[in-house]
Protein chains: 2
Amino acid sequence: MPSNADPLGQSVWTRPPRSRGAQPTLSRAQIVRTAIELLDEKGLDGLSMRRLGERLAAGATSAYWYVATKDELLELVLDEVMGEIEVPEVGATDWRTAATALAHGLRSMILRHPWVTGLFGVRPMMGPNAMRMSDRTVGVLTAAGFSGMDVAYASSLLMSHVIGSATMEAAWKRSITPGTSVSEAVDELRPYIDEVSSRYPHYGAWWRENRGMDPENLQDEGFAFAVERLLDGLQLWLDRRNEAGPA
Amino acid sequence: MPSNADPLGQSVWTRPPRSRGAQPTLSRAQIVRTAIELLDEKGLDGLSMRRLGERLAAGATSAYWYVATKDELLELVLDEVMGEIEVPEVGATDWRTAATALAHGLRSMILRHPWVTGLFGVRPMMGPNAMRMSDRTVGVLTAAGFSGMDVAYASSLLMSHVIGSATMEAAWKRSITPGTSVSEAVDELRPYIDEVSSRYPHYGAWWRENRGMDPENLQDEGFAFAVERLLDGLQLWLDRRNEAGPA
DNA sequence: CTCAAAACTCGTACGCTGTGCGAGTTGCCT
DNA sequence: AGGCAACTCGCACAGCGTACGAGTTTTGAG
């Protein structure tokens, strides 16, 4: 363990960076950037500390001066990509537009970096970028009329849905042979689905009715549909509460 | 690779089990059961093929006769725990009750086996238990009045939300020292949250108003709230459509 | 009953992983 | 000038997934 290891259970985010001494040839930022490069190219399994060292033109274990463990590096990486999402400032638009932007921004980040889905489950996101996003979300929802625990509930509803659906979408995309389009993949699978779905009554019936659909924009449309329904549900709750309140 | 390895890219589910020959001392079912035991005790990282062999009182690589790779074993394991969820048959209750049962059933399965969150993202779920669940879900939603792609959208909305929120809940639970209750954990974290939240305006304001809340049933309440909003949103869409249709 | 083949079990080994350790180098501060 | 802090990195270790092939048991065919 390098000497900057965490003595008191503090997280990566609270520990100050080093300052004096020989000038470093590496940096946290560079390490994180390179790790993301590697992850984008080869996926979560494709990142090993040795490969990272190689790509950095450094020794296999050199990164360990800047990062206590691989898990910690992954925490930094997760927060870094969270920084790619932009949430409108409070008051810039109505809350529905802002929430929609948040949802779509988060989703497209995940589709850009599908390996993040493997990182969401491990530790709660507390990095500065994730916090900044939470902060804006809280602001937007508060301005919309939510208060108290409802804010937390609504924001978690939003985030959870996006994370869940993008996780499943990424899983599906990963399972098709790379390079083929969605339509081609579905065409390939069609006989198999025919066979399987025939054994399940409701699913089979649905499939017989809908096997002709164009699968190209299905994921996008499904996501947009879900976000609308979800915001409808929240809006309805606000409306009902406003009706009941001033009575 | 054992000789029953998949020659044509078929999945685990289509390959028939072995029949003739020396009577086996192991079985797929037993292997899967033991793997789940180990996973429940030690988490995703705690499962190694060697440990599995040990616990089975067998050689380190013996399980490889029944399972081509560890990933395949995990696919079986995932489907096995999916079998723990019960979805009401179509017509047994109104669709809202059925959907609520599905959501809560899936959530409590995930909280019982938190390691599954690491499995959702890797491959689409196509095992028999997952299919059975999808089938019932499709049935319930069709009976409710959804049709065509809406069925897929609505069912994915439901599942995605549960998976996302349970993933984040499991992450949070994992990060607190085991054995301490939720309230104790929050009490421990309180000074840290005070410090962090002060740097984020909206989040900080929200925290100052709400730092006194009782965190004990927060997760449960938040989940129930979200499911209600989500079903409201779907219901509203059905209503609007029924209004517009017969006009 | 005989016997080859099928059905399994498992010890060994290979290449990979994360990372602790300690010796080596560099450059600032007194 | 000298010492120490800041870094770099080769080596080694324990553990991983799993390919391989030799060993054991049971079966069905002749």
Side-chain angles (χ1 to χ4, degrees), chain A residues 1-7 12 15-31 34-35 38-39 42-77 115 118-119 122-123, chain B residues 1-7 12 15-31 34-35 38-39 42-77 115 118-119 122-123:
Chain A
M1 187 161 37
S3 59
N4 66 344
D6 184 341
V12 211
R15 179 147 26 85
R18 297 321 185 109
S19 53
R20 283 170 304 175
Q23 64 188 10
T25 67
L26 261 40
S27 75
R28 254 196 197 182
Q30 187 196 5
I31 290 171
T34 309
L38 228 33
L39 287 163
K42 318 201 195 244
L44 206 48
D45 295 342
L47 176 71
S48 79
M49 296 306 277
R50 279 171 237 263
R51 268 224 266 269
L52 181 61
E54 202 178 314
R55 167 97 39 138
L56 286 163
T61 62
S62 300
Y64 275 105
W65 183 256
Y66 298 88
V67 142
T69 64
K70 188 186 183 185
D71 274 357
E72 193 180 282
L73 170 60
L74 290 175
E75 243 182 293
L76 291 167
V77 156
W115 42 265
L119 265 36
V122 299
R123 299 193 158 280
Chain B
M1 186 163 36
S3 58
N4 67 344
D6 183 340
V12 211
R15 178 149 25 87
R18 296 323 185 105
S19 52
R20 281 171 306 177
Q23 65 187 10
T25 67
L26 261 40
S27 76
R28 257 199 195 179
Q30 187 195 7
I31 289 171
T34 308
L38 227 33
L39 286 162
K42 318 200 194 245
L44 207 47
D45 295 342
L47 176 70
S48 79
M49 296 306 278
R50 281 171 235 262
R51 268 224 267 268
L52 181 61
E54 201 178 314
R55 168 92 46 133
L56 286 163
T61 62
S62 301
Y64 276 106
W65 183 255
Y66 299 88
V67 141
T69 65
K70 189 187 182 184
D71 275 357
E72 193 180 281
L73 170 60
L74 290 175
E75 244 183 290
L76 291 167
V77 156
W115 41 266
L119 265 36
V122 299
R123 300 193 157 279

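Every chain is numbered from 1, with letters handed out A, B, ... down the list of sequences.
For A:Thr61 and C:dG18, a side-chain-to-base donor-acceptor distance below 3.5 Å is absent, hydrogens and geometry of angles not being considered. In this model, a side-chain donor or acceptor of B:Arg50 finds a partner on the base of D:dG17 within 3.5 Å.
Summarising the geometry, the separation between CZ on B:Arg28 and C1' on C:dC8 is reported as 15 Å, rounded to the nearest angstrom. Between the CG atom of A:Leu56 and the P atom of D:dC7 there is a distance of 15 Å, rounded to whole Å. Going from atom CZ of B:Arg51 over to atom C1' of D:dT18 covers 18 Å, rounded to whole Å. If you take CE of B:Met49 and P of C:dC10, they are 14 Å apart, rounded to a whole angstrom. A:Leu73 has its CG atom 15 Å from the C1' atom of C:dT17, to the nearest Å. Separating the OH atom of B:Tyr64 from the C1' atom of C:dG11 is a distance of 15 Å, rounded to the nearest angstrom. Atom pair A:Lys70:NZ and C:dC16:P shows a separation of 15 Å (rounding to whole Å applied). Between A:Leu52 atom CG and C:dT17 atom P there is a gap of 12 Å when expressed in whole angstrom units.
Residue B:Ala58 is in sugar-phosphate contact alone, with no base atom involved, counting any heavy-atom pair closer than 4.0 Å across all strands shown. In this structure, A:Leu47 reaches the sugar-phosphate backbone alone: every heavy-atom distance under 4.0 Å involves primed, P, OP1 or OP2 atoms, never a base.
Within the 4.0 Å cut-off from OP1 or OP2 of C:dT9, at least one side-chain nitrogen or oxygen of B:Tyr66 is found. A:Trp65 has no side-chain polar atom (N or O) that falls below the 4.0 Å cut-off from OP1 or OP2 of D:dT8.
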Does A:Leu52 form a side chain to side chain contact (heavy atoms under 4.5 Å, CB included) with A:Leu73? I'd like the steps, not just the answer. CA-CA 11 Å; A:Leu52 181 61; A:Leu73 170 60; 3.7 Å; yes
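Taking a 6.0 Å sphere around CZ of B:Arg123, one finds it holds 12 or fewer heavy atoms contributed by other residues, nucleotides or ligands.
A distance of 8.0 Å separates OG1 of A:Thr69 from CD of A:Glu75, quoted to the nearest 0.5 Å.
Looking only at distances, a side-chain donor or acceptor of B:Arg28 sits under 3.5 Å from a matching main-chain atom of B:Tyr66.
Closest contact between the side chain of A:Ser62 and the listed nucleotides D:dT8, C:dG18, D:dT18 involves D:dT8.
Of the residues listed (A:Leu47, A:Val67, A:Val122), the one engaging A:Leu74 in a side-chain contact (heavy atoms from CB on, under 4.5 Å) is A:Leu47, and it is the only one.
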